[in-house]
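Contents: one structure, followed by commentary.
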Amino acid sequence: MGIRGLMSFVEDHSNEFFTDLKLRDTKIVIDGYALFHRLCFSSNLDLRYGGDYDSFADVVQKFFESLFACNICPYVVLDGGCDISDKKLTTLKDRAREKIQMAHSLSVGGSGYVCPLLIREVFIQVLIKLRVCFVQCFSEADRDIMTLANHWNCPVLSSDSDFCIFDLKTGFCPLNSFQWRNMNTIKGTQNYIPAKCFSLDAFCHHFSNMNKALLPLFAVLCGNDHINLPIIETFLSKARLPLGATSSKGRRHHRILGLLNWLSHFANPTEALDNVLKYLPKKDRENVKELLCCSMEEYQQSQVKLQDFFQCGTYVCPDALNLGLPEWVLVALAKGQLSPFISDALVLRRTILPTQVENMQQPNAHRISQPIRQIIYGLLLNASPHLDKTSWNALPPQPLAFSEVERINKNIRTSIVDAVELAKDHSDLSRLTELSLRRRQMLLLETLKVKQTILEPIPTSLKLPIAVSCYWLQHTETKAKLHHLQSLLLTMLVGPLIAIINSPGKEELQEDGAKMLYAEFQRVKAQTRLGTRLDLDTAHIFCQWQSCLQMGMYLNQLLSTPLPEPDLTRPNAFNTLNEDIWRYTKYGGTLHVSRLYSGSLVHGLCQQLLASTSVESLLSICPEAKQLYEHLFNATRSYAPAEIFLPKGRSNSKKKRQKKQNTSCSKNRGRTTAHTKCWYEGNNRFGLLMVENLEEHSEASNNE
C-alpha cells in the first residue's frame with residue numbers, strides 16, 4: 001500500500017515529525033519488498049543489462065552485516081500474492097504501465113527504475129545464506145509487519161508511507177534515512193546505525209492533537225493503493241479544506257495538508273465519516289460508506305501471528321485456510337519456497353508478467369516461456385473446491401483458462417492462456433509431493449524438452465540452468481546466435497571459478513589460472529558499464545533466457561525441486577569440495593543465481609566475442625574452466641538450430657546456399673559443411689561446434 005505524496009510531505013517536516021536514533025541492540029522488522037527495491041535502486045547498479053545479480057547480492061550481504069555488527073536482529077517480512085479480493089488490480093496495472101515506460105527509457109539510454117527479473121529470488125538466496133529469519137506472507141504484508149513489531153516492541157524499517165498511519169509502539173524508520181553505510185561507534189566499543197524514527201504522536205500533535213484513530217480515514221480519503229474513488233473528488237471539491245499556517249508545495253501536498261487540518265476538528269472517525277457523506281449524493285452514501293469502512297480496516301491489527309512462525313515455524317493465515325489449500329503449499333509459500341506467482345495463479349487464475357529492459361518493438365520476452373507456465377497452470381487446476389467461490393468464477397465458464405497481464409508494445413493487455421491438461425496423478429495438487437522423484441523429474445524435463453541423458457555429464461548445480469538453456473535454444477522465437485550462447489555459458493563459469501580459488505590444497509598454478517580468468521571477467525564487466533550502448537536485440541534474447549529460467553525455477557519448485565535449485569546457497573558453499581557436484585573438474589558447490597548470471601558480464605562477453613576474442617584463447621589460462629565449458633557446450637549444442645553454428649556473416653545467406661550445396665543441413669540439425677568445419681577448427685574449435693563425429697551428432701539431433 002501507500003498514500004500518494006505522504007512520505008515526501010512528512011520528510012519536508014523532518015524536524016517536527018522525526019526523532020534521531022542510534023539503532024543497536026534491538027530486533028527490527030523489515031519490509032522485505034521495500035528493502036530489496038531500495039538496495040537495488042540506491043547502490044549504483046546498472047539496470048540496463050538485465051541484472052548484475054552478483055553486485056546486488058554483495059550489497060544485500062553488506063547491509064545485513066552492518067545490522068549484525070550493531071547487534072540488530074532482523075526479521076524480514078515479504079509480500080505474498082495479491083489480495084483474494086483483487087482490489088488492487090487497477091493499481092497494479094497502472095504500475096505495470098509505468099514500468100514499461102521506465103524500461104523503454106532505460107533501453108534507449110535514459111533513466112528509470114526497473115528491478116531485474118530475478119532480483120527477488122537472489123534476495124531470498126542471500127537471506128538463506130546469511131541465515132536471516134524471513135517469512136513470505138500469503139498476501140500483502142503491511143498489517144502483519146505492524147502487528148509483529150507491536151508484539152515485540154521494536155521498530156519497523158520500510159519506505160511505505162502506510163507506516164505513518166499505523167499506530168506503531170516503537171515507531172517507523174524510513175529506509176532513505178537509515179544510514180547503514182555510515183555505522184558509528186559509541187565510546188569506541190558499541191556500534192550503532194544512525195536513523196530517523198517517525199513519531200505518530202508528534203504528527204498528531206502538529207495537527208491540533210488530532211485523534212490517531214482518524215488517520216485511516218485520512219489515508220482512504222487521500223487515496224491509497226486499495227481505494228481511489230472518483231466520487232471522493234466530489235467531497236474534496238465541495239468541502240472547504242483549511243490549509244492552516246503551514247505552506248505546502250504541489251497539489252498533492254495541498255490536499256494532504258487540507259485533509260489533515262479538516263479532520264483534526266472531529267473527535268472520532270464516525271463523526272468525521274458522517275461529515276464526509278454529507279457532501280455526497282444521497283443515493284451514493286451507503287455504498288461509499290461501506291467501501292471507506294472496509295478500506296479503513298486495512299490499518300487494523302492482523303490476525304496473523306508471525307511471532308509463531310519465527311519461534312515455532314507455524315504460519316496460520318485465516319484467509320489462506322478458508323481456501324482449503326493443501327498444507328504443503330501453505331508451508332512452502334510461507335518459507336518462500338514457492339513464489340507469489342504461484343499463489344496468484346492458484347487463487348486468482350491471473351498472473352502479471354513483469355516487463356524487463358527489452359526490445360519494445362518485439363513480442364514481450366515472456367512469450368517464449370508460456371508453454372512452461374501452461375504446465376504450471378495445469379498442476380494448479382484442481383487445488384481446492386473452495387476456490388470455486390473466488391472472483392474469477394464470475395467470468396464465463398472456461399475450465400482451463402488463466403489470464404496473463406503482459407506487455408504489448410508499450411502498453412499492457414490481458415491474454416487468456418489455457419492450462420495443459422495433465423495425467424490424473426499430476427492433477428491432484430494435494431498429492432503432488434507424493435509422486436516419486438523420477439516422475440517429478442520426468443515431467444520437468446519433458447516440459448523443457450530435454451533428455452535426461454544430456455544432463456548426465458553436467459554438474460548437479462548447473463543441470464537446471466542448462467536444461468532451461470536447451471529449451472531456450474529450441475524455441476523458434478529465440479534469435480540467439482553463437483556468441484550469445486557462448487557468453488551465457490562463460491558467465492556460468494564464475495561460480496565454479498570461485499570454488500577453485502577458495503578450494504584448499506590447490507596447486508598454485510591452477511589457482512592462479514582461475515584467478516586470472518576471474519579477473520578478466522571482472523574487467524569485461526567493468527568495461528561494459530562504462531557507457532556502452534545497449535544492443536537491444538541482444539538484451540531481448542537474454543531477457544527471453546531469464547524468463548525461461550524463472551519459469552523453469554517456478555515449475556521446479558512446484559514439483560518439490562526434482563533438480564537442485566540454482567538460487568539456494570549455504571554459508572561457505574564455495575569452500576567445499578564435492579566430486580558429485582562437479583564431476584569433471586572435481587570442484588564445486590551449490591551455485592546460486594548471483595553467480596550464475598551477470599548482465600554486464602554477459603553483454604560484455606558478447607561484444608568481445610563479436611570483435612576478436614575467441615573462447616579458446618580466453619579459457620586457455622584455466623584448464624578446469626575450459627573443460628567445464630566443453631561439457632556445458634556439448635549439452636546445449638544438440639538443441640541449437642543448425643544456423644547458429646554457421647560462420648560469421650554467412651547465416652543470412654544460408655537459404656540461398658542450401659539449394660546449391662549437397663548437404664544435409666536442412667534435414668539433420670547440427671550438421672555443417674566441410675568449409676564450416678575448417679573455419680571452426682581454425683578459429684575457435686572447442687568454443688563452437690565440435691564436429692569429430694558428425695553422424696553421431698546428427699542422429700542424436702533427429703531423435704530429440
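All figures in this text were calculated on a predicted structure; none of them were measured in a lab.
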Work out which heavy atom in [X] is nearest to a heavy atom in [Y]; give both atom names and the distance.
| X | Y | result |
| --- | --- | --- |
| Met183 | Ser66 | SD-O, 3.7 Å |
| Pro564 | Thr460 | CG-CG2, 3.2 Å |
| Phe178 | Ala195 | CD1-CB, 3.8 Å |
| Pro562 | Leu444 | CG-CD2, 3.9 Å |
| Ile376 | Ile342 | CG2-CD1, 3.7 Å |
| Ser614 | Leu609 | C-CD2, 4.2 Å |

Can you find a pair of side-chain heavy atoms, one from [X] and one from [Y], that are under 4.5 Å apart?
| X | Y | value |
| --- | --- | --- |
| Val450 | Ile466 | no |
| Gln370 | Gln374 | yes |
| Thr447 | Leu555 | yes |
| Val329 | Leu333 | yes |
| Phe341 | Ile352 | no |
| Ile145 | Phe163 | yes |
| Ile100 | His104 | no |
| Asn409 | Met360 | no |

Exercise for the section: Please step through side-chain hydrogen bond (donor to acceptor under 3.5 Å, both in side chains) for the pair Arg97 and Gln101, ending with a clear verdict. Expected result: CA-CA 7 Å; Arg97 292 185 185 95; Gln101 297 306 317; over 6 Å; no

Problem - Verdict with reasoning, Arg523 to Glu520, per salt bridge (Lys or Arg N to Asp or Glu O under 4.0 Å) - result: CA-CA 5 Å; Arg523 186 196 67 79; Glu520 174 62 16; 2.8 Å; yes

Spacing of [atom1] belonging to [X] relative to [atom2] belonging to [Y], to within rounding of 0.5 Å:
| X | Y | atom1 | atom2 | answer |
| --- | --- | --- | --- | --- |
| Leu558 | Arg440 | CG | CZ | 11.0 Å |
| Ile128 | Lys335 | CD1 | NZ | 11.0 Å |
| Leu488 | Leu605 | CG | CG | 10.0 Å |
| Lys515 | Ile621 | NZ | CD1 | 13.0 Å |
| Cys73 | Leu67 | SG | CG | 9.5 Å |
| Leu448 | Cys548 | CG | SG | 8.5 Å |

Is a donor from one side chain sitting under 3.5 angstrom from an acceptor on the other, for [X] and [Y]?
| X | Y | result |
| --- | --- | --- |
| Gln550 | Gln546 | no |
| Thr538 | His484 | yes |
| Arg120 | Gln136 | yes |
| Ser600 | Asp46 | no |
| Ser158 | Tyr33 | no |
| Ser617 | Ser620 | no |
| Asp344 | Thr351 | no |
| His366 | Ser547 | yes |
| Ser369 | Arg373 | yes |
| Lys525 | Ser55 | yes |
| Gln452 | Gln441 | yes |
| Arg181 | Ser43 | yes |
| Glu565 | Asn556 | yes |

Ignoring hydrogens and angles, tell me if any N or O in the side chain of [X] forms a donor-acceptor pair with the backbone of [Y] under 3.5 Å.
| X | Y | answer |
| --- | --- | --- |
| His540 | Pro363 | yes |
| Thr491 | Ser487 | yes |
| Asn359 | Leu536 | no |
| Thr636 | Leu632 | yes |
| Glu358 | Gln356 | yes |
| Lys463 | Ile458 | yes |
| Arg38 | Ser159 | no |

Problem - Plane angle bin for Trp472 and Phe542 - parallel if under 30°, tilted between 30 and 60°, otherwise perpendicular - result: parallel

Handout entry: Derivation and outcome, side-chain contact (heavy atoms from CB on, under 4.5 Å), residues Ile28 and Ile30
Key = CA-CA 6 Å; Ile28 191 167; Ile30 300 176; 4.1 Å; yes

Practice task
Let me see the working for Glu404 and Arg350 under salt bridge (Lys or Arg N to Asp or Glu O under 4.0 Å), right down to the final yes or no.
Solution key: CA-CA 6 Å; Glu404 296 182 340; Arg350 194 258 302 127; over 6 Å; no

Problem - Qualifying residue for side chain to side chain donor-acceptor pair (under 3.5 Å) with Arg367, from Glu406, Gln362, Gln544 - result: Glu406

Handout entry: Lys88 and Glu140 ion-paired at < 4.0 Å
Key = yes

Examine [X] together with [Y] and report whether their ring centres are nearer than 6.0 Å.
| X | Y | answer |
| --- | --- | --- |
| Tyr113 | His37 | no |
| Tyr597 | Trp545 | yes |
| Phe310 | Tyr75 | yes |

Handout entry: Of Val126, Ile119, Asp58, Leu45, the residue whose pairing with Tyr53 passes side-chain contact (heavy atoms from CB on, under 4.5 Å)
Key = Ile119

